[in-house]
Amino acid sequence: MGIKILKTSSYVPGEPIDNSYYVSYLDTSDEWIRQRTGIETRYISKDEGTETMSVKAAEKLELTDEEKARIKVVLVATTTSTSTVPINACILQGALGLSEDIYACDIGMACAGFVAALRMADALLKEGELALVVGVEVLSKMSDKTDRSTVILFGDGAGAVLIEKNDKESYFEGGSRYSEVLASKLLPMTGDVEYLTMDGAAVFRFALEVMNASMNNLLERSGNSYDEIDWYILHQANKRILEGTARKFGVSPDRFPMNMNKYGNTSSASIPLLLDELNRAGKLKRGQKMIMAGFGGGLTWQAVYLEW
Ligand code: ACO
């Protein structure tokens with residue numbers, strides 16, 4: 001048994017902020033940002049928190065009463081929660097009027113969080129039950145506005161999916177790597193550190209390494225070749241990471257869709273935002289094979305193979 005995504009939706013706050021905004025007060029350029037990252041615009045929340053954006057994204061799923069009654073798992077992936085207590089998943093359960101007979105949980109695994117939530121849904125769901133999974137971030141609140149190497153990267157947003165159990169197998173891969181050196185160099189967000197800082201080049205190398213390894217494992221376990229996968233839906237951190245992975249696999253970059261040009265890096269929200277964009281455009285066909293993978297946050301990674 002595995003999982004099937006039935007519906008997708010998304011929400012982003014406010015108006016797009018383009019690169020010229022950062023060029024106006026930082027030593028950077030539109031050309032550098034586009035070439036080094038692929039990012040052109042991003043959405044920044046003025047006053048909406050993760051709980052508000054989660055609810056707005058989930059409402060756009062237009063759940064029927066029958067679907068609401070079948071939802072037994074609500075998972076919200078976020079590392080920038082604007083509410084510690086109550087948790088986002090609990091707020092969502094109340095806002096949507098879901099039953100109390102439910103498993104509601106927030107998951108803090110940064111850019112690996114959405115796939116981690118799918119994995120948890122796969123483990124928790126019984127036949128006939130549904131899971132509501134949301135990836136949401138307000139990364140702008142963790143960005144140092146004066147640090148050109150990070151502030152240009154991140155955006156805010158939310159993506160939601162409705163999931164059921166199906167009879168096709170889903171395969172998951174993942175892991176975690178921590179050491180004093182990695183922690184101090186990559187994402188030292190603990191304790192007294194106010195803003196996210198990272199050694200971008202080291203994260204870049206790490207991403208290529210773990211994405212390639214986990215995707216190769218998924219191909220082997222699912223009995224597919226690189227070419228048999230219709231879609232590689234990867235965390236939207238940097239277009240060069242995705243292009244490098246496509247090159248390494250010898251697969252057309254068309255199978256590695258990207259939308260970081262519009263949204264920037266939205267961490268837990270990036271994969272569901274992309275899924276919703278592809279789904280609304282009618283590009284995802286039932287039975288197509290896909291791999292989703294995310295990495296980040298300390299650092300951890302998660303990947304899944306499933307059929308659409
Ligand atoms: N404009 C102009 N120059 C810049 C900018 C900018 N916005 N930012 C950095 N530079 C400069 C640097 O200062 C450096 O200058 P120097 O050579 O004089 O020292 C030069 O550009 C090259 O810097 P690098 O960091 O080596 O640039 P790189 O090509 O690696 O690109 C980037 C940086 C975009 C951050 C890239 O490394 C990347 O995308 N890494 C992955 C990030 C990621 O995926 N993070 C995910 C985890 S985040 C999370 O979990 C929430």
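A quick note: this is a predicted structure, and the numbers were derived from the prediction, not measured. Whatever order the structure lists ligands and atoms in, that order sets their numbers, starting from 1.
Using a 4.0 Å heavy-atom cutoff, Phe295 is listed among the residues neighbouring ligand 1. Residue contacts with ligand 1 include Arg240, since one of its heavy atoms falls under 4.0 Å from the ligand.
Between His235 and ligand 1, no pair of N/O atoms sits closer than 3.5 Å. Annotation: Gly297 places an N or O atom under 3.5 Å from an N or O atom of ligand 1; distance criterion only. Annotation: Ser267 places no N or O atom under 3.5 Å from an N or O atom of ligand 1; distance criterion only. For Arg36, a nitrogen or oxygen atom sits less than 3.5 Å from a nitrogen or oxygen atom of ligand 1, counting backbone and side chain alike. Taking only nitrogen or oxygen atoms, main chain and side chain alike, Ser29 does not reach within less than 3.5 Å of ligand 1.
Annotation for ligand 1: atoms under 4.0 Å from non-hydrogen atoms of Cys111 are 49 (C), 50 (O), 51 (C). Of all atoms in ligand 1, listed by their number and element, those nearer than 4.0 Å to a heavy atom of Gly296 are 50 (O).
Considering each of Thr28, Thr266, Asn238, the one bringing a non-hydrogen atom nearest atom 38 (C) of ligand 1 is Asn238.
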Open item on the list: If you apply the rule side-chain hydrogen bond (donor to acceptor under 3.5 Å, both in side chains), what do you find for Glu137 with Ser268, and how did you get there?
Closed with: CA-CA 6 Å; Glu137 300 287 2; Ser268 302; 2.5 Å; yes

TODO: Determine, stepwise, if the pair Phe256 / Trp231 fulfils ring pair (Phe, Tyr, Trp, His ring centres under 6.0 Å).
DONE: CA-CA 6 Å; Phe256 286 71; Trp231 299 105; over 10 Å; no

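Heavy atoms of Thr37 found under 4.0 angstrom from ligand 1 belong exclusively to the side chain.
Proximity of Trp308 to Ile5: side-chain heavy atoms (C-beta onward) are separated by under 4.5 Å at one or more points.
Enclosure of atom NZ in Lys283 is not indicated, since only 12 or fewer non-hydrogen atoms of other residues, nucleotides or ligands lie within 6.0 angstrom.
At a threshold of 4.0 Å, the pair Lys262-Glu40 does not count as salt-bridged, since none of the basic side-chain nitrogens sits closer than that to a carboxylate oxygen.
Partners of Asp106 by salt bridge (Lys or Arg N to Asp or Glu O under 4.0 Å), not counting sequence neighbours: none found. For Phe249, the ring-ring contact (aromatic ring centres under 6.0 Å, His included) criterion is met by Tyr226, Tyr232, not counting sequence neighbours.
Here the rule is salt bridge (Lys or Arg N to Asp or Glu O under 4.0 Å) with Arg70, and of Glu164, Glu127, Glu129 only Glu164 fits it.
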